[in-house]
Amino acid sequence: MIQHNSMVPIYEQLYNQIQQQIMKGQLTAETVLPSVRKLAKELHISALTVKKAYDQLDASGLIHTVPGKGSFVAAVDPEMEKEAQRQEIQQELTQTITKAKQYQLTQADITTLVALLWEAN
């Protein structure tokens, strides 16, 4: 899903969504991605925008492109997967900490809450 009114550039939204699908195992190694033109048409965006996202995915090692054959999901490096998971958790924790500060909770309050929730799950 592309949000045209978002402050995040469209190519970056596309990159993030494909990256997440790869990291979560929804797109597995050697899965063929839609062609640049096909995806651009489906999403009603410029082919150059899709190409920019695919180029970033390629540079990140998440996909590989074979001229004349298409773009394929690369095998996920376990360390890369772990780092993506850390980043996702860090984003969520940052939002939670910001909210906790708005509610004037202390670091000790949050630490206690996290310990309790950790044990409960």
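- Thr112 and Asp109 are not linked by any side-chain donor-acceptor pair at a separation below 3.5 angstrom, with hydrogens and angles left out of the test.
- Of all the heavy atoms in Ala75 and Ala29, the pair that sits closest is CA-CB, 3.9 Å.
- Annotation: side chain of Gln87 is not in contact with side chain of Met23 (no heavy-atom distance under 4.5 Å).
- One finds no salt bridge joining Lys82 and Glu79 here, because no Lys/Arg side-chain nitrogen approaches an Asp/Glu carboxylate oxygen to under 4.0 Å.
- Both Leu33 and Ile2 are assigned to one and the same hydrophobic cluster, defined by single-linkage of ILVMFWY side chains at heavy-atom distances under 4.5 Å.
- Put simply, Tyr11 and Ile18 are part of two different groups of oily side chains (I, L, V, M, F, W, Y) that touch within less than 4.5 Å, one to the next.
- Considering CE of Met7 and CD of Glu12, their distance stands at 11.5 Å, rounded to 0.5 Å.
- In terms of modelled atom types and a separation under 3.5 Å, the side chain of Gln17 and the main chain of Met1 share a donor-acceptor contact.
- Nearest heavy-atom pair, Gly61 versus Ala74, reported as atom, atom and distance to 0.1 Å: O-CB, 3.4 Å.
- The environment of Gln90 atom CD is sparse: at most 12 non-hydrogen atoms of other residues, nucleotides or ligands sit within 6.0 angstrom.
- In this structure, His4 NE2 and Leu43 CG are separated by 7.5 Å, a value rounded to the nearest 0.5 Å.
- Proximity of Lys41 to Lys38: side-chain heavy atoms (C-beta onward) are nowhere separated by under 4.5 Å.
- Cluster membership check: Tyr103 shares its hydrophobic cluster with Ile110, using side-chain heavy-atom separations under 4.5 Å among Ile, Leu, Val, Met, Phe, Trp and Tyr.
- Linking ILVMFWY side-chain heavy atoms closer than 4.5 Å, directly or via other members, places Leu105 and Val114 in a single hydrophobic cluster.
- Note that CD1 of Ile63 is 10.5 Å distant from CG of Leu27, once rounded to the nearest 0.5 Å.
- To the nearest 0.5 Å, the span separating CG on Asn16 from CD on Gln56 amounts to 8.5 Å.
- Side-chain atoms of Thr31 come within 3.5 Å of backbone atoms of Thr28 as a donor-acceptor pair (strictly under, hydrogens ignored).
- Heavy atoms from other residues, nucleotides or ligands lying under 6.0 Å from CD of Glu30 number more than 12.
- Formation of a donor-acceptor pair under 3.5 Å by the Gln19 side chain with backbone atoms of Leu62 is not found in this model.
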Arg86 and Glu83: CA distance, side-chain angles, deciding distance, side chain to side chain contact (heavy atoms under 4.5 Å, CB included) verdict: CA-CA 5 Å; Arg86 280 188 203 107; Glu83 181 57 31; 3.3 Å; yes
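- The shortest distance between side-chain heavy atoms of Tyr54 and Pro34 falls below 4.5 Å.
- Under the 4.5 Å side-chain heavy-atom criterion for Ile, Leu, Val, Met, Phe, Trp and Tyr, Tyr15 and Phe72 are members of distinct hydrophobic clusters.
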